[in-house]
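To start, the structure itself, in C-alpha cells.
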Amino acid sequence: MKKLTHLALVCGLAFPLAGQAHDLWAYAQQAEAGKDLLAVLGYGDRFPEGEKIAEGRLNILNPLVLHSADGKSTTLTQKGENFHYVTTSPLAKAEYKISGSYKPTFWSKNDNGWKRENLTQMKDANYCEESSMFASTYVNTGVDVSDFAIAPVGLPLEIVPLVDPTTLSPMEVFPVQVLYQGQPAKGVSVIGTTNEFTKLDEKAVYDHREPQAFSGKTDAQGKVNFIPALAGTWKIKAIYEMDYPDQKVCQKRKLYSTYTFKVNK
C-alpha cells in the first residue's frame, strides 16, 4: 500500500495547474426505485457530497439534467441547499445518467489575482482563459446494464466508459474514451482521485491542491486505461485546451469534464 500511495502522489504532482481550479461533478446522493432522486451539483472541494455554492457563481452553473435510456432528458429541480437537485416524481426501475455544465466563462489573472474578465477588461492580465466545465455520472435503479451505460449523452467534452461501470474493482483496468464534440480527443490529460484518497490530505484539498491517484493521456482514439488503486467513489477529469480564436480577447480556451463512479471492494 505504501508503494501505491507514493506512486499516486507522484502522479498528482504531474498536474499542478489542474488542481488550482474548482472541479464540477455530478453525484447521485439518493437513487432508488420508488423514491425521488436527490442529486448533487458538485462545485468546489467537498467531493462527492458537495457544498454550498457561492451566490456569485450560481449564474454560471446550469441545473442538472437527468437522461433516461429511452432518450428523454429532464431538467432537475433545485430544492433545499443550492447544490441539491431532485426529481418531481419517484424514479422507476431503469437506467439514467445525470449531467451538469458550467457556462463558458472568462477568467483573467494579474498580480492581484483572478477576476471574471477577459483581456479587453483586465488590461494588465498576464493570463486569460475561457473555461467551460461538464460532468456526468451513471445511475441504475435495479435493471440489467445495457449499452446506454457506455453511450455519450452529448456533452461538448465528455468521458465515456467503455465497459459496465457498475462492476469495477481495485487494480482492474477501466477503459474510458474522451470525446470532444462527439469525436475522439487525442492526447488529452486525464487525472483521477477518490474520496478515500483525498481524505488523507484534506488540507491540500481545501487549498486547491487536490491529491491525484491517477494520471494518463488519451491515445489516437481518445482512449485511456484508468486503473483504480482503491475502492471508493472516484472522479476522473479530462482537460482539453486550445488557443482562443482572438488572442486580443483571451489566450486559451479550456474545457474540463468529469465522470463520477464507484469502485467496489
Side-chain angles (χ1 to χ4, degrees), residues 8 12 15-31 37-66 75-86 97-109 113-117 129-137 139 155-159 189-215 232-241 254-262:
F15 295 93
L17 294 177
Q20 299 305 308
H22 289 315
D23 280 349
L24 182 79
W25 70 88
Y27 178 66
Q29 204 162 64
Q30 174 182 287
L37 171 72
L38 173 58
V40 166
L41 174 62
Y43 179 68
D45 303 303
R46 196 169 172 236
F47 173 78
E49 292 86 0
E51 60 187 292
K52 185 176 180 180
I53 300 169
E55 294 294 323
R57 299 291 181 95
L58 291 175
N59 65 337
I60 59 177
L61 296 170
N62 293 312
L64 289 175
V65 176
L66 183 69
T75 300
L76 296 177
T77 300
Q78 194 281 309
K79 184 178 180 181
E81 294 284 358
N82 66 6
F83 59 97
H84 282 156
Y85 285 80
V86 299
K97 288 185 179 179
I98 305 169
S99 70
S101 58
Y102 165 119
K103 301 169 187 175
T105 303
F106 288 116
W107 289 100
S108 292
K109 184 178 184 296
W114 293 90
K115 270 193 172 183
R116 203 187 305 178
E117 296 179 345
E129 77 172 57
E130 181 198 60
S131 300
S132 301
M133 296 185 184
F134 308 94
S136 63
T137 191
V139 174
L155 300 173
L157 183 68
E158 186 169 358
I159 301 172
S189 298
V190 177
I191 58 177
T193 195
T194 170
N195 60 329
E196 294 298 323
F197 190 78
T198 56
K199 69 183 181 183
L200 299 175
D201 192 356
E202 291 186 350
K203 181 179 178 181
V205 172
Y206 285 95
D207 192 33
H208 308 313
R209 296 180 292 106
E210 180 183 74
Q212 300 299 314
F214 173 83
S215 68
T233 301
W234 282 80
K235 173 186 64 181
I236 50 177
K237 177 169 67 173
I239 307 163
Y240 189 90
E241 71 172 82
K254 286 192 177 182
L255 294 86
Y256 305 84
S257 191
T258 63
Y259 181 75
T260 304
F261 58 97
K262 289 186 177 180

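Scanning both residues, Ile159 and Ala238, for their nearest heavy atoms gives CD1-N, 3.6 Å. Here the closest non-hydrogen pair linking Phe134 and Ser101 is CD2-CB, 3.8 Å. Counting all heavy atoms, side chain and backbone alike, Leu24 lies closest to Ala135 at O-CB, 3.7 Å. Scanning both residues, Tyr256 and Ser131, for their nearest heavy atoms gives CE1-OG, 4.2 Å. Scanning all heavy atoms of the two residues, the minimum distance from Pro156 to Leu255 falls at CB-CD2, 4.2 Å. The minimum heavy-atom distance linking Leu157 with Ser257 is given by the pair O-OG, 2.8 Å.
Looking at Lys109, its side chain never comes within 3.5 Å of a backbone N or O of Glu129 through a donor-acceptor pair. Of the possible donor and acceptor atoms, none in the side chain of Ser189 sits under 3.5 Å from a partner among the backbone N and O of Ile239. Proximity of a side-chain donor or acceptor of Ser108 to a complementary backbone N or O of Glu117 within less than 3.5 Å is detected. Judged by distance alone, the side chain of Trp25 and the main-chain N or O of Thr258 form no donor-acceptor pair under 3.5 Å. At distances below 3.5 Å, not a single donor-acceptor pair connects side-chain atoms of Glu55 with backbone N or O atoms of Arg57. In terms of modelled atom types and a separation under 3.5 Å, the side chain of Glu51 and the main chain of Arg46 share a donor-acceptor contact.
Put simply, the side chain of Leu61 reaches to within 4.5 Å of the side chain of Tyr43, judged on heavy atoms. Using a 4.5 Å cut-off on side-chain heavy atoms (C-beta onward), Glu130 and Pro104 make contact. Side-chain contact check for Tyr85 versus Leu41: some heavy-atom pair is nearer than 4.5 Å. Contact of the Pro63 side chain with the Leu76 side chain is not registered, since no non-hydrogen atoms from C-beta on lie closer than 4.5 Å. Two residues are said to be in side-chain contact when any heavy atoms from C-beta on lie closer than 4.5 Å; Trp107 and Arg116 meet this criterion. Contact of the Thr233 side chain with the Tyr27 side chain is registered, since non-hydrogen atoms from C-beta on lie closer than 4.5 Å. Residues Val40 and His84 form a side-chain contact, since some pair of their non-hydrogen atoms from C-beta on lies under 4.5 Å apart.
To the nearest 0.5 Å, the span separating CD on Glu158 from OH on Tyr240 amounts to 15.0 Å. Summarising the geometry, atom OG1 belonging to Thr193 is positioned 12.0 Å from atom CZ belonging to Phe214; distances are rounded to the nearest 0.5 Å. Once rounded to the nearest 0.5 Å, the distance linking CE of Met133 with CG of Asn62 reads 13.0 Å. Remark: Ser99 OG to Leu64 CG distance equals 7.5 Å, nearest 0.5 Å.
Phe261 and Trp234 have parallel rings, their planes meeting at less than 30° on a 0 to 90° scale where 60° marks the start of perpendicular.
By the 6.0 Å contact criterion, NZ on Lys115 is open, its count of non-hydrogen atoms from other residues, nucleotides or ligands being 12 or less. The local environment of NZ in Lys79 is sparse, with at most 12 non-hydrogen atoms from other residues, nucleotides or ligands closer than 6.0 Å.
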